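Please read all numbers here as calculations on a predicted model, not as lab measurements. Chain identifiers are assigned alphabetically (A, B, ...) following the order of the sequence lines, protein sequences preceding nucleic acid strands; residue numbering begins at 1 within each chain.
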Number of protein chains: 4
Amino acid sequence: MLNKVLLIGRLTRDPEVRYLPSGMQVTTFSLAVNRRFKDKGGNWQEETYFFDIESFGGLAERLGRQLSKGNQILLEGSLRQDKWENQAGEKRSRVKIVAERVALLSKPTQPDSNQKPSYEGSEFVEPTDLNSDEDVPF
Amino acid sequence: MLNKVLLIGRLTRDPEVRYLPSGMQVTTFSLAVNRRFKDKGGNWQEETYFFDIESFGGLAERLGRQLSKGNQILLEGSLRQDKWENQAGEKRSRVKIVAERVALLSKPTQPDSNQKPSYEGSEFVEPTDLNSDEDVPF
Amino acid sequence: MLNKVLLIGRLTRDPEVRYLPSGMQVTTFSLAVNRRFKDKGGNWQEETYFFDIESFGGLAERLGRQLSKGNQILLEGSLRQDKWENQAGEKRSRVKIVAERVALLSKPTQPDSNQKPSYEGSEFVEPTDLNSDEDVPF
Amino acid sequence: MLNKVLLIGRLTRDPEVRYLPSGMQVTTFSLAVNRRFKDKGGNWQEETYFFDIESFGGLAERLGRQLSKGNQILLEGSLRQDKWENQAGEKRSRVKIVAERVALLSKPTQPDSNQKPSYEGSEFVEPTDLNSDEDVPF
DNA sequence: TTTT
DNA sequence: TTTT
């Protein structure tokens with residue numbers, strides 16, 4: 001009934017586009033999300049998770065057109081679970097995330113750019129709303 | 001950096017308790033989360049996802065003590081990902097959810113209860129905060 | 001850019017309905033949201049906030065039709081701020097919340113009902129999605 | 001029971017610091033949150049809300065030390081409501097937001113910096129966790 | 001002006 | 001392996 005996910009992360013590669021039999025566009029990509037934590041020794045560690053993201057319809061069209069590898073995004077969506085049986089007849093499942101709203105937070109600097117590379121190899125862009133024509137508050 | 005999950009669902013079985021070498025309690029359970037959607041024919045369908053939940057420390061102690069199979073909870077947490085290699089040396093991963101705040105929303109009625117079973121086989125309980133002594137707003 | 005609010009609370013009165021010049025329906029109500037906290041003496045206290053909720057269009061129609069005083073709801077929305085000047089020319093503002101998704105969690109028992117009042121004076125209802133025909137995950 | 005707010009915005013001035021009789025630090029500031037929407041003519045408009053933010057204890061200390069005017073932050077917190085009576089004996093109330101987790105997203109470029117001002121007059125900084133020593137996932 |  |  002309540003199933004909500006909010007993530008900030010970076011695309012590990014360009015989005016992939018495919019189409020449902022109905023003609024609806026599906027755009028998928030993998031999102032790298034970092035977590036920082038202190039280990040037992042009190043030192044900061046960083047861990048990265050890679051989540052499978054899926055989007056449909058108009059949002060999928062905009063994401064396929066406007067996102068690319070390395071972009072940092074803010075994503076709101078919900079958890080889903082694919083279920084299947086493997087060749088051995090064993091039940092398998094995989095969690096994925098369906099995107100519902102996405103904002104582009106930043107793009108990595110072009111290496112050949114005449115712009116001075118900014119801090120941490122990233123160029124700041126004003127957050128861009130990728131949720132289209134509608135009035136979306138995020 | 002932002003990694004937040006909010007879910008309402010029901011425990012599919014009693015929580016399992018184990019302990020880390022440090023003595024810290026770990027409580028795990030599976031949460032059934034329902035999704036209702038319209039199929040192509042316009043009829044409402046229901047799909048259920050089963051997510052693996054993990055909790056640590058004081059929250060784990062309270063959840064192990066106070067939750068049981070069938071309880072409906074509101075959970076706030078974050079996504080994690082376990083990674084390993086199988087015997088064939090292939091990389092495998094599994095998404096799980098670490099609970100950070102939990103509220104008990106309702107318990108199923110005891111079948112042998114002298115209480116009249118309420119609507120839909122569920123007894124209403126006032127939402128119970130399982131986040132302990134601290135002042136937690138959820 | 002990100003502006004998200006999630007609340008569980010109860011309507012303090014029946015919703016009020018009005019219409020914009022465009023004909024669009026606007027439904028407003030006040031939501032009582034409780035907070036429990038420990039005072040300095042270590043005793044649990046409860047405090048109640050009353051937030052002004054506003055909804056528009058199709059959601060407003062459903063909320064005006066299906067919600068009433070005392071209903072407990074789960075609400076997702078975003079913060080807004082009304083600004084005006086008073087007679088003395090001083091700037092004034094008031095925070096309100098625009099509802100984007102609403103689920104009905106429970107209704108208070110009718111006092112004259114032939115139903116046995118359930119625990120805590122509340123009848124449990126299966127959470128009801130008030131977000132209409134679309135496939136909304138909450 | 002559930003009372004959660006997530007915002008991205010910029011500080012309109014440096015934070016203010018005060019102390020409770022108990023010695024606990026309180027840090028307050030105003031956060032400017034932008035909303036983009038299409039007007040009736042189909043043109044994008046931008047509106048800005050100013051929310052009052054309050055923080056306590058260790059988080060207040062870090063925010064007082066590390067935040068300043070113009071910083072863009074991601075904030076997680078909950079809604080509160082101050083209530084009082086004015087001189088005329090009328091009930092008044094004001095919504096505010098208590099910060100629970102904060103991440104620094106970006107700082108405006110120093111005007112006298114020898115750094116080339118980056119895109120849109122802002123310097124990108126890697127998101128900084130201001131939630132201290134604990135392992136906070138945001 | 002407030003709900004349970 | 002699944003809850004209501």
Q: Please report, rounded to the nearest Å, how far the P atom of E:dT3 is from the CZ atom of C:Arg35.
A: 20 Å

Q: Using whole Å, report how far CD1 of B:Ile53 lies from P of F:dT3.
A: 16 Å

Q) What about B:Thr48, does its side chain sit under 3.5 Å from the base of F:dT3 through a donor-acceptor pair? A) yes

Q: Would you mind telling me which of F:dT4, E:dT2, E:dT3 lies closest to the side-chain atoms of B:Asn34?
A: F:dT4

Q) How close or far is atom C1' of E:dT4 from atom CZ of C:Arg36, stated in whole angstroms? A) 13 Å

Q. Is there a stack between C:Phe50 and E:dT2, judged by ring centres under 5.5 Å and planes under 30°?
A. yes

Q: Round to the nearest Å and state the distance from B:Tyr49 atom OH to F:dT2 atom P.
A: 17 Å

(Q) Tell me the interatomic distance from C:Leu31, atom CG, to E:dT2, atom P, rounded to whole angstroms. (A) 16 Å

Q. Could you give the CD-to-P distance, from D:Glu90 to E:dT2, as a whole number of Å?
A. 14 Å

Q: Measure from CD1 on C:Ile73 to P on E:dT2 and round the result to the nearest Å.
A: 19 Å

Q) Hey, mind stepping through B:Glu46 and B:Thr48 against side-chain hydrogen bond (donor to acceptor under 3.5 Å, both in side chains) and telling me if it holds? A) CA-CA 7 Å; B:Glu46 196 164 63; B:Thr48 304; 5.3 Å; no

Q | C:Thr27 and C:Glu16 side chains, donor-acceptor separation under 3.5 Å | A | no

Q. Side chain of C:Ala32: nearest nucleotide among E:dT3, E:dT4, F:dT3?
A. E:dT3

(Q) Could you tell me if C:Arg36 sits above the aromatic ring of C:Trp44, with its cationic atom closer than 6.0 Å to the ring centre and no more than 45 degrees from the axis? (A) yes

Q. In whole angstroms, how far is the P atom of F:dT2 from the CZ atom of A:Arg92?
A. 14 Å

Q) Taking all atoms of both residues into account, what is the closest heavy-atom pair of B:Arg10 and B:Ser106, and its distance? A) NH2-OG, 3.8 Å

